[in-house]
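Below, chains carry the letters A, B, ... as their sequence lines are ordered, and counting in each starts from 1. FYI, side chains are in, hydrogens and waters are out, and symmetry mates aren't considered; it's all heavy atoms of this structure.
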Amino acid sequence: MGNLRSSRLVTVVAFALSAWRSRRGNLPLPRLLTVAVLLYAVIQLLSRTGILNGYFMIIINRSLVFVILAVSLNLINGIAGQFSLGHMGFAAVGAYVSGSITTLIFMYTSEQVASIGGNIVFVIAIIVGGLAAAVVGFLIGFPSLRLKGDYLAIVTLGFGEIIRTILNNISVVGGPRGLLGIPKFSNFTNIFVFTFLTIVALRNLVQSSYGRALLSIRENEMAAELAGVNTTRGKVMGFAIGAFFAGVAGGLLAHLLQIAHPTQYGFYASALVLIMVYAGGMGSLTGSIIAAFFLTFLTEALRVGIDQLRDRVGIPVGTEWTMVIYALLLILVMLFRTDGLMGMREAKLLVIDERKK
Amino acid sequence: MSVLLSIQGMSHYFGGLKAVSNFNFDVPEGVIYGLIGPNGSGKTTAFNLITGIYRPTEGRVFFQDREITGHKPFRIVHQGIARTFQNLRIFGNMTVLDNVRVARHFRVRSGLVSSLLRLPSFVREEREVRDEAMRLLDIMHLGGRAEEQAKNLPYGELRRLEIVRALATKPKLILLDEPAAGMNPKEVADLMELIKRVRDDFKVTVFLIEHHMKVVMGICERIKVIDFGETIAEGIPAEVGRDPKVLEAYLGRRGA
């Protein structure tokens, strides 16, 4: 199979690159890229050889989407110190906008044209979805980011529900049935690339002058203002960037599941992303990445486990019990590891060494 | 000497409470100016009014002959007024270096996109900012602490860090809110040295609020004494120190 050969090729290239890198010392190829390529090659290889079956690949893809959601929420809640509860609202905007674009375009396109330009249209649609989410983030953020703490949480919670309700009532995008028939463009490769780019972009942002300005707002808003930081602009900017990446994640998810449904983007999902951020550590991208993977796999394990309990053992439980377990998990984190898994630390891989060069 | 900061008829009320009443004063360029007065006499309120945290109920504030009344705090910083706080406001979970670099953010020319992509121009500017911040820290003997979390620094160094952060905005005027508060005699002596250096080496006009009379009398070239929001004396330290109204406000009536 050609696919098998191409994935072997990727592995060989990755090993060659990493060997080259270690010989030349630190500079030529960034460590992060090397690790990402290796990771991609290993998973791709395991998938092609059938060790990771399709079911596992779906969960891995979901995990990657949740990595994007968690790190982007971390920018808003962890780095800038705001408290957004409606992150999935932005994902919904991205999902519906990008889903509508591709569905419409490919409805009227011949298969031949689609196979040539498909992926380009897909990438553009995803980015447009992200931009739409960013615009909504800006519109929500501008008036509401004067509010602090609980008040902002209430506004964003309300926003998430409003988006969901609106989508539920627009028949053009399917109303309560959801947007159906979205072409399946997302696959492990493009989700992996988007996730990687998101992590790199946010890492670059956090460890730049702009990121430090956002952190200073979290640390002490008045002191930040009197160090010359335009705190309102900083917060709105952080909010819009976080919303952009949430929109991208939503778009990827829609093209993976081939459906965008209002219930996917409700408070339940937003809370799950929130738990990922807190469990991983506020302000730590590394923590969010680990927690997103762990909790996505846990969600699936719990779903399967609860089904088994009900069907085989006969205990009358439903999947809503996963939320109970998450709540307990969050309480345990707050009790025994207040700062989350990573606190504010980052894995070395994600730290830019400024002294170099 | 030209007037750097001019305050004209400034008053401020919290509800019915008159915190500052009909303030008039000019801070000449290049001096170390002291504002003193008993607790609750409206000193910090005056600073908050100048830096835009509050908007004065009445009156106007001019900086370099431009009106800054009611401007947002960050805009006032951009004009060239920096300050420190009576109760330290340090970014505790950031490194000492990053505390200083935040104050350079508003001068950064690179856009958001070039920082997301780490374009060469952006990396170059980041390095400039870093070098500049390190130079400031070195001058203030905090260079060795640069990579430490700010919250782990001892109190005296945090006070110094706040001054460094304020200087990093490249101000023309720096407002110091009780810089000697909580310091031991050795630290106070060092601080006085430091404030003089800030003025001489950085060419920054210093306007400070202080309780510590040794500091005020030791370094201020002009002093204004207020009580209950009103001016009771003004002049050079030697005169003000002899003023009976000042002695009364601070020490109570003679013989009492």
Below 4.5 Å from any heavy atom of chain A, which atoms of B/Thr169 appear? Answer side chain, backbone, both or neither. side chain
Heavy-atom nearest pair, B/Phe85 first then A/Leu226, reads CZ-CD1, 3.3 Å
Report the distance from atom OG of A/Ser209 to atom CZ of B/Arg130, rounding to the nearest 0.5 Å. 13.5 Å
Chain B interface, residue from A/Asn220, A/Thr231, A/Leu205, A/Leu202 that has the most non-hydrogen pairs under 4.5 Å: A/Asn220
Using a cut-off of 6.0 Å, state whether more than 12 heavy atoms not belonging to A/Phe142 lie near its atom CZ. no
Under 6.0 Å from the CZ atom of B/Arg75, do we count more than 12 heavy atoms belonging to anything else shown? no
Is the count of non-hydrogen atoms from other residues, nucleotides or ligands lying under 6.0 Å from B/Tyr155 atom OH greater than 12? yes
Answer yes or no: is there a side-chain heavy-atom contact under 4.5 Å between B/Phe74 and A/Val229? no
For A/Glu225 and B/Pro73, work out which heavy atoms get closest and say how close. CG-CB, 3.2 Å
Return the option, out of A/Ala224, A/Gly283, A/Ser216, with the maximum number of heavy-atom pairs under 4.5 Å with chain B. A/Ser216
What I want to check is whether the side chains of A/Asn204 and B/Arg118 have a donor and an acceptor closer together than 3.5 Å. no
With a 4.5 angstrom heavy-atom cut-off, is it the side chain or the backbone of B/Ile81 that approaches chain A, or both, or neither? neither
When heavy-atom pairs shorter than 4.5 Å are enumerated against chain A, which of B/Glu125, B/Lys72, B/Arg89 gives the highest number? B/Arg89
Around B/Asp131, counting heavy atoms of other residues, nucleotides and ligands shown, do more than 12 lie under 6.0 Å from its CG? yes
Would you say CZ of B/Arg197 has more than 12 non-hydrogen atoms from neighbouring residues, nucleotides or ligands within 6.0 angstrom? yes
Going from OG1 on B/Thr95 to CZ on A/Arg212, what distance comes out if it is rounded to the nearest 0.5 angstrom? 8.5 Å
Pick whichever of B/Ser115, B/Gly92, B/Ala82, B/Ala166 has the most heavy-atom pairs under 4.5 Å with chain A. B/Ser115
Spell out, as yes or no, whether a donor-acceptor pair under 3.5 Å connects the side chain of B/Glu126 to the backbone of A/Ser208. no
Quick check on the interface: out of B/Ile53, B/Thr84, B/Val129, B/Leu112, who has the most heavy-atom pairs with chain A under 4.5 Å? B/Leu112
Strictly less than 4.5 Å between heavy atoms, which residues of residues 100-108 of chain B line up against chain A? Please order them by number. B/Arg101, B/Val102, B/Ala103, B/His105, B/Phe106, B/Val108
Is the number of heavy atoms from other residues, nucleotides or ligands within 6.0 Å of CG (A/Asp150) greater than 12? no
Surrounding NZ of B/Lys172 (heavy atoms of other residues, nucleotides or ligands, distance under 6.0 Å), is the total greater than 12? yes
Measuring from A/Arg218:CZ to B/Met94:CE, what's the distance to the nearest 0.5 Å? 8.5 Å
Any chance you could measure A/Glu219, atom CD, to B/Asn93, atom CG, to the nearest 0.5 Å? 4.0 Å
Which bit of B/Ser110 comes within less than 4.5 Å of chain A, counting heavy atoms only: side chain, backbone, both or neither? backbone
